[in-house]
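What you see below is based on every heavy atom in this structure, not just the backbone, and it leaves out hydrogens, waters and symmetry mates.
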Amino acid sequence: MAVNDSKVYAQISSYIGRLIREKFGKGPTSVYVTIKHPYMTIYLKDFLAPMERVLLEKGEKKRVEETRDVLMEELLPEIMCKLEEIVSIKVKDLHYDWNLENRSGIIFGCVPEGTSHEHRAVSPLPAEVEGPFYKEINEASKRGQKMPERTEVFVLNDRTILTKRTGILVNVEKELIKNQFTEELKLTKRPMEKRLIDQGKLEDILGKDIDDTFVDWNFDQDIGYFVFITTSKKEM
């Protein structure tokens with residue numbers, strides 16, 4: 001049965017805001033939901049607990065990230081079940097990342113066929129943007145790891161662009177994963193991959209400002225994601 005998008009988004013926003021507040025002690029001020037097959041994103045704004053603020057002021061960013069990772073790994077299965085329960089949306093392979101400096105974050109995942117939103121196909125990049133954008137994403141991956149075997153780009157709305165890169169892990173990373181050092185690898189790769197992106201070049205290509213860049217991976221499937229949150233370029 002089809003459902004009203006605004007009602008679905010409001011239900012998800014309310015649920016995620018309440019869950020984050022219960023588990024972290026402070027919830028986000030704003031939660032923006034987008035569902036556009038084959039992905040959904042939940043963008044969180046103004047989210048930083050008082051204790052986390054103290055730790056960041058003391059230079060303990062890694063400790064904040066480690067704590068959030070522990071909590072989120074516990075919450076992801078619950079979120080997937082709850083989404084299916086309250087709005088009949090099946091989501092698999094949920095991911096998350098944070099921009100602690102911006103007090104923002106994202107939760108995103110795949111919405112497979114068979115949901116009430118599967119008809120909402122993603123939009124392509126404009127033809128004049130597509131080639132340069134793909135090239136910069138691939139070059140960024142090559143600088144840190146290797147050229148992806150496959151790169152896909154999904155424009156989910158006017159502000160949100162998701163890229164999926166398949167076949168990016170090098171042998172030493174695969175060995176770390178095999179030996180269950182995934183948390184250490186993730187904590188190392190997060191800032192590194194964000195540094196590898198030439199944000200200024202991407203902004204010139206897109207003709208937009210990039211407010212947030214998020215990353216995450218499916219290590220088992222050798223997949224890496226970037227999610228860019230953009231806005232119209234500010235007048236100088």
Side-chain angles (χ1 to χ4, degrees), residues 5-49 52 64-112 115 117 120 122 154-165 182-183 186-187 189-191 193-194 210-221 223-230:
D5 284 350
S6 60
K7 183 178 179 181
V8 167
Y9 293 176
Q11 286 179 288
I12 296 172
S13 175
S14 176
Y15 163 67
I16 292 295
R18 183 172 64 253
L19 180 68
I20 295 291
R21 184 167 56 254
E22 290 173 354
K23 299 299 183 179
F24 287 85
K26 182 187 183 301
T29 299
S30 304
V31 180
Y32 302 96
V33 179
T34 298
I35 304 169
K36 203 166 188 183
H37 179 73
Y39 288 101
M40 76 172 297
T41 61
I42 305 171
Y43 180 45
L44 314 174
K45 291 286 288 181
D46 192 21
F47 167 44
L48 190 67
E52 292 177 330
V64 175
E65 291 182 333
E66 288 173 337
T67 303
R68 285 194 176 191
D69 282 352
V70 170
L71 285 170
M72 288 303 298
E73 289 306 315
E74 176 186 332
L75 293 178
L76 291 183
E78 177 183 340
I79 292 172
M80 285 190 285
C81 290
K82 196 66 175 179
L83 288 175
E84 185 170 0
E85 175 188 327
I86 63 175
V87 289
S88 300
I89 294 174
K90 294 181 180 180
V91 182
K92 66 176 184 178
D93 196 23
L94 270 182
H95 298 271
Y96 63 91
D97 189 25
W98 320 106
N99 184 331
L100 295 175
E101 290 77 11
N102 284 359
R103 298 188 298 177
S104 58
I106 199 158
I107 302 169
F108 66 96
C110 180
V111 181
T115 73
H117 290 263
R120 294 173 58 80
V122 297
F154 304 89
V155 182
L156 304 183
N157 57 34
D158 290 343
R159 296 195 63 195
T160 310
I161 301 172
L162 183 149
T163 76
K164 176 184 178 182
R165 298 162 296 139
T182 53
E183 176 65 10
K186 182 177 285 191
L187 290 171
K189 285 173 66 65
R190 272 181 186 149
E193 289 216 355
K194 292 176 185 179
I210 296 175
D211 292 343
D212 271 313
T213 298
F214 300 108
V215 297
D216 202 13
W217 305 266
N218 183 323
F219 288 136
D220 292 337
Q221 296 184 24
I223 294 171
Y225 296 96
F226 285 118
V227 181
F228 302 102
I229 306 297
T230 69

Task: Nearest-0.5 Å distance that lies between atom CG in Leu83 and atom CE in Met40 - done: 5.5 Å
Open item on the list: Testing the basics here: between Lys26 and Ala49, what is the closest heavy-atom pair and its distance to 0.1 Å?
Closed with: CB-CA, 4.1 Å
Task: Interatomic distance, Phe226 atom CZ to Lys194 atom NZ [nearest 0.5 angstrom] - done: 9.5 Å
Task: Partner residues of Phe47 under the ring-ring contact (aromatic ring centres under 6.0 Å, His included) criterion, sequence neighbours left out - done: Phe24, Trp98
Task: Candidate list Thr34, Thr160, Asp212, test side chain to side chain donor-acceptor pair (under 3.5 Å), partner Tyr43, passing option - done: Asp212
Task: Expected output: side-chain Arg103 to main-chain Leu48 donor-acceptor under 3.5 Å - done: no
Task: Over all atoms of both residues, closest heavy-atom pair of Leu156 and Lys36 - done: O-CD, 3.0 Å
Open item on the list: I need the minimum non-hydrogen distance between Glu183 and Asp69, along with the two atoms involved.
Closed with: OE2-OD2, 2.6 Å
Task: Derivation of the ring-ring contact (aromatic ring centres under 6.0 Å, His included) call for Phe108 and Tyr39 - done: CA-CA 7 Å; Phe108 66 96; Tyr39 288 101; 7.3 Å; no
Task: Those residues that, when tested against Lys189, pass salt bridge (Lys or Arg N to Asp or Glu O under 4.0 Å) (two or more places apart) - done: Glu173, Glu193
Open item on the list: How close do Met80 and Lys92 get, counting heavy atoms only, and between which atoms?
Closed with: SD-CA, 4.0 Å
- [ ] Would you check if there is a donor-acceptor pair between the side chains of His95 and Asp97 at a distance under 3.5 Å?
- [x] no
Open item on the list: Using a 3.5 Å distance criterion without hydrogens, assess whether the side chain of Thr230 forms a donor-acceptor pair with backbone atoms of Arg159.
Closed with: yes
- [ ] Measure the CD1-CG distance between Ile16 and Leu44 for me, rounded to the nearest 0.5 Å.
- [x] 7.5 Å
Open item on the list: Looking at Leu76, is its backbone amide N or carbonyl O close enough to the side chain of Tyr96 to form a donor-acceptor pair, meaning the two atoms are under 3.5 Å apart?
Closed with: no
Task: Contacts of type salt bridge (Lys or Arg N to Asp or Glu O under 4.0 Å), residue Asp216, not counting sequence neighbours - done: Lys186
Task: Closest non-hydrogen atom pair between Ile20 and Pro28, with its separation - done: CG2-CD, 3.7 Å
TODO: Please check if any side-chain donor atom of Asn218 sits under 3.5 Å from a side-chain acceptor atom of Asp93, or the reverse.
DONE: yes
